[in-house]
Chemist: 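Pasting a structure here, questions to come.
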Amino acid sequence: MRLHLLALLAKEPAHGYELKQALEQTFGSAYPSPNIGQIYVTLGRLEKDGLVRAVDVEQSNRPNKKVYYLTAKGRDLLTTWVDEPTEGPRVRDEFFMKLVLAPLTGIADRMALINRQRRHYLSLMSDLNDLLERTPPADRVAILLIEGAMLHLQADLDWLERCQEDLA
Amino acid sequence: MTPVVKTVNLVKIYSDGAVPVPAVRGVDLQVEPGEFVAVMGPSGSGKSTLVHMLGGLDTRTSGEIWLDGKRVDTLSESAWALLRREKIGFVFQFFNLVANMTVGDNVELPALLAGVSPKVARERRESLLAALNLTERADAAPAQLSGGEQQRVALARALANKPSLLLADEPTGNLDSRNTRDVLRLLGEVHKEGQTIVMVTHDARVAALADRLVSLFDGEIVDDGRIARRRSRTAGEVIDLR
Ligand SMILES: Nc1ncnc2c1ncn2[C@@H]1O[C@H](COP(=O)(O)OP(=O)(O)O)[C@@H](O)[C@H]1O
Ligand SMILES: [Mg+2]
């Protein structure tokens, strides 16, 4: 979450609760609703590393609140993060390892493993279908994220078929 | 309840070439009323051959086919034609639309042929065209449509007379994601209303609508089981953004 918070602070200084709200607004239902405690812990670490700094702002009738802002070092780190190419998603290698190693264990045959995995993928896909149906069109970030997950799952399924042709 | 489809040791061997090709090798399949069965498997595993035989578009080499409790593999060509008109909706690649009729009339025709009243046939036409975002194409000729539009018209037509069985072979091959969503929604709805469906597809989104998955490999059923439904939560819980 470190870099996500830095990105939000690059726009304007904010306190912890505002960052939580900003994350929710930006990602819609796509982001697992961030825990406020986790946000404060992350801000504390960022401060310790010199990536953000905090100023106390007095409030009437309430304890002071801490407003965080980005340091030059924080901005450098953020720029590097945004500018460098991102690793592609990894293939689901755990299933592949099972598939390749299963015959050695004498526990399961590959055909059975592939068939079970295929149904598992479809059940995940059915979850995503429901989710897409329930996500309001205005929640664009969430919709794109779900579509991305669907395309990955389709690729997993196609790959499973290739494995079946060659290994089963 | 009588199954909508039942096959017993169904075999198809193509013997028109130099060597006989066993395409379907002893398939026992039973589909209950209202069930949605997805058929998957690698290319050449016999999926098309199987569903073609279920629709009487290809003859079996041996074994039995029963539809709605009636033995049909022994029927004549003309008896099959009648049965298809009354009971089966098709979405097959080569099973084309009538070229010199408009899109709207193509959709309306099967219901009229099946003896539905003109008023009901018209209502059904309008609602199907609307569901598939085709209302504006109703007066076009099939040749004027894109591949994806033709596929949607074929689906609308197949559903027009509420057949006991919808047979489809790769019905979403040419669709973009917006159109696929319309097709998914419609399939989900007709399935909820009790439509029995047997569908060959590589599209996981479509297959995931099914209750059950049948996997073919080398002409045999190698897996036949339910697709588990899990009650899902929010996108953030299903997808790990980190
Ligand atoms: N008309 C035909 N004549 C000879 N062989 C055929 C014919 N149609 C299909 N086959 C063969 O039968 C097997 C199954 O084909 P098909 O049912 O089209 O598989 P799928 O739809 O799963 O790709 C393949 O080996 C294919 O080459
Ligand atoms: Mg095929």
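Excluded from the calculations below are hydrogen atoms, water molecules and symmetry mates; all remaining heavy atoms, backbone and side chain alike, are included. Chain letters run A, B, ... following the sequence lines, proteins first, then strands; residues in each count from 1.
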Chemist: With a 4.5 Å limit on heavy-atom distance, are the side chains of A:Asp49 and A:Arg2 in contact?
Modeler: yes
Chemist: Are B:Met40 and A:Leu122 side-chain neighbours, meaning at least one heavy-atom pair lies under 4.5 Å?
Modeler: yes
Chemist: Is it true that atom CD of A:Glu58 has more than 12 heavy atoms of other residues, nucleotides or ligands lying nearer than 6.0 Å?
Modeler: no
Chemist: I'd like to verify something: which residue of B:Asp223, B:Leu184, B:Asp218 has the highest number of heavy-atom pairs under 4.5 Å with chain A?
Modeler: B:Asp223
Chemist: Does any heavy atom of chain A fall under 4.5 Å from the side chain of B:Arg181, the backbone, both, or neither of them?
Modeler: side chain
Chemist: By a 4.5 Å heavy-atom criterion (distance strictly below it), what part of B:Asp203 contacts chain A: side chain, backbone, both, or neither?
Modeler: both
Chemist: Please classify the contact of A:Leu132 with chain B as side chain, backbone, both or neither, using a heavy-atom distance under 4.5 Å.
Modeler: side chain
Chemist: For the interface with chain B, which of A:Met150, A:Arg162, A:Met111 has the highest count of heavy-atom pairs at distances below 4.5 Å?
Modeler: A:Met111
Chemist: Are B:Lys12 and B:Tyr14 in a cation-pi setup, meaning NZ or CZ lies under 6.0 angstrom from the ring centre and within 45 degrees of the ring axis?
Modeler: yes
Chemist: Taking the side chain as everything from C-beta on, heavy atoms only, tell me whether B:Leu166 gets closer than 4.5 Å to B:Ile88.
Modeler: no
